[in-house]
There are 2 protein chains.
Amino acid sequence: MITIRDIAKRAGVSASTASRALNNNSRISEATIKKVKKIADEMGYLPDYNAKNLTNGEANAVGVVFPVGSETASNPFFINILSGINSELVKRQYSLSVAIANTDEALLENVRSMVVQGKIKRFILLYSKFNDAISEFLRENKLRFVVIGQPTSSNDFYVDNNNVEAGITATDFLLKKLHVKFPIFVESSNDWTYEQQRYQGFKKISNESLVDFDNVQVSSDNVEEIEKFIFEHPQIDGIVATDDFRGLRFLNYFKKIYPKKSLSIVGFNKSFPASLVQDNFHSIDVFPDQMGIKTVILLFSDRENQEINIKKHLIVSHKISDEIGF
Amino acid sequence: MITIRDIAKRAGVSASTASRALNNNSRISEATIKKVKKIADEMGYLPDYNAKNLTNGEANAVGVVFPVGSETASNPFFINILSGINSELVKRQYSLSVAIANTDEALLENVRSMVVQGKIKRFILLYSKFNDAISEFLRENKLRFVVIGQPTSSNDFYVDNNNVEAGITATDFLLKKLHVKFPIFVESSNDWTYEQQRYQGFKKISNESLVDFDNVQVSSDNVEEIEKFIFEHPQIDGIVATDDFRGLRFLNYFKKIYPKKSLSIVGFNKSFPASLVQDNFHSIDVFPDQMGIKTVILLFSDRENQEINIKKHLIVSHKISDEIGF
DNA sequence: CTGTTAGCGCCTTCAT
DNA sequence: ATGAAGGCGCTAACAG
């Protein structure tokens, strides 16, 4: 292994000068900085992270925390977020360390160990919820973290879509392009913030367009309610669903009761290949990879981008697409 | 921060004795080991990973490598594998470091950096393919790694399901329980090894049961072929699909042509909530979390389990379930 | 069985 | 602008 002393020797300088040169220390002359870097390059020098981390008292890693419980976690777009995150981390010579567990306690223990033993100082939370022990722990320890979704504390950094706007986009498309007359908003029974916001957008456009509308919660345990709802609303001709899966489920219930009727659908997340569904199925892409990218940018804004530095959040755009596909 | 010297002082021993005691070094007496550990516990001592790693020349992290390209990556069960992996890693005081990228080159660079700069010595590959630069790099550097899926080199460690058996289970269920007379095997056009193996199982049972059968590839770009196939095989009454998505897609094509007919389906991965589909839809759970767990066990078998030590692979069981759900 | 000493690779204070 | 020296926390060789 080639160390900083090796380059120092070759460059005819001391190890400390070499170290400073490689870190662009202002006290070193341009000339020697250039020389040292050139030699380091030639010799294929790569710093040892563990040594660096030990002296710095800080790891070059970001902790990425998954939500507890696979309900949410089964979402394929976590992978895309990870991919976006890592693409930005490698640029900064940082690595991606994962915290994932089945219980809140185990997860907190995982994060705590990352902080205390691993010296990790920056975190990304792939979820956001109230009274979250992880967030509280990070706040107490004054560690920088960014959540994906709406923050629960006004001081938290976050990256999110504009979900009200997304709801508007979806509903607008449904009414104007697909000429739906009686739209329904299909959500989960979890009352997620992003669902509430998309519903706001839905309601706004429906009201403006003077169409009748309604909303319904589709979850595994209220099948009869849903069927009753569909039965009582035979005029439904289109839906906005808070995710593609829920939209598809509603479609299936609907088809069961009205096999001949068809439904226009706008869902979210581009979860399916276009060919999976027969009906007029559209989906809104929320660009999870972009969310990952912006999360990292925000996470490091204290050291880097001064314009962003003041901001506490970044918004990722969305786009409706006819072609749904993996 | 509380260091090993602090406990040493308090215990009235030297730092090296304290270190050895905490690592259960055989040269230290039971008495002092117990005493040192007790004090360490009281003082809430937790070792600094970066310092440990520096002296050990090896990081307490496992590199988990994702496949390039989101086609495969969109599979939600990666999250479950991660969860299984991490549950075993925390027991060993190891952390999970992710390598994920959009190109082969970037991914290799990522892994290379983990090895050279991060001193990571153990890896898990969430895929398996021929002529893989990553695997070759790891082999060259004599690093221990386990692949999930069928290995491409006979020397590689791997964890997988018994996919022939799984194909048998699926087909058996379809024929014996669901009384299907003309089953079809639905696969992708990628010719994945696990698909070939499941097809073997399918063929075996179909032959034994003396039923007619056939197979078809369902991908996005051969819609006409599929429809032609369905049109020419009106007698189809059940399918085994290599994954739930593909099964659902086939069902939709089928319904388009024969709206009145119904189909029995056995898919894989438990990707959908039961209520998502109207027809007789079953799915085989391949227990991704178990795959993660066993992968780690195998990855550390050199230091730990002597029985497993000889083995180069571990097989995870599967189970067919009527209730499909998240 | 235990203590002393040195060193992993890097950074940083303190000199010059 | 650069060098020398010391230390981050831990482990291991060497000594007793």
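Lettering of chains follows the sequences in order, A, B, ..., and the numbering in each one begins at 1.
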| With sequence neighbours left out, what residues match Ser83(A) under side chain to side chain donor-acceptor pair (under 3.5 Å)? | none

| remark: Glu58(A) meets the side-chain contact (heavy atoms from CB on, under 4.5 Å) criterion, sequence neighbours left out, with Tyr94(A), Lys121(A), Arg122(A), Arg303(A)

| request: Would you jot down, in residue-number order, the residues of residues 29-40 of chain A having a non-hydrogen atom under 4.0 Å from DNA chain D? | output: Ser29(A), Thr32(A)

| Quick one: side chain to side chain donor-acceptor pair (under 3.5 Å) partners of Gln150(A), sequence neighbours excluded? | Asp160(A)

| request: Quick one: list whatever passes side-chain contact (heavy atoms from CB on, under 4.5 Å) with Asp104(A), sequence neighbours left out. | output: Val68(A), Lys129(A)

| message | Using five pairs at each end of the helix from dC1(C)-dG16(D) to dT16(C)-dA1(D) to define an axis, what is the angle between those two axes, to 10°? | response | 40°

| task | Taking side-chain contact (heavy atoms from CB on, under 4.5 Å) as the test, write out the residues that go with Ser26(A), two or more places apart. | result | none

| When the distance from CD of Glu58(B) to P of dT11(D) is rounded to whole Å, what number comes out? | 13 Å

| What residue among Leu126(B), Asp132(B), Leu107(B), Ile100(B) forms side chain to side chain contact (heavy atoms under 4.5 Å, CB included) with Val65(B)? | Leu107(B)

| What residue pairs, at least two apart or across chains, pass ring-ring contact (aromatic ring centres under 6.0 Å, His included) with a residue in residues 128-153 of chain B? | none

| field | Protein-to-nucleotide contact annotation, 5' to 3' order, nucleotides 9-16 of chain C [B base; S sugar-phosphate only; - none; under 4.0 Å, heavy atom] | value | BBBBBB--

| query | Asn24(A) CG to dA1(D) P: how many Å, rounded? | reply | 14 Å

| Tyr158(B): partners by ring pair (Phe, Tyr, Trp, His ring centres under 6.0 Å), with sequence neighbours left out | His313(B)

| Any residue meeting ring pair (Phe, Tyr, Trp, His ring centres under 6.0 Å) with Phe287(A), in chain and number order, not counting sequence neighbours | none

| Pairs in or reaching into residues 289-298 of chain A: which pass side chain to side chain donor-acceptor pair (under 3.5 Å), with residues at least two apart or in two chains? | none

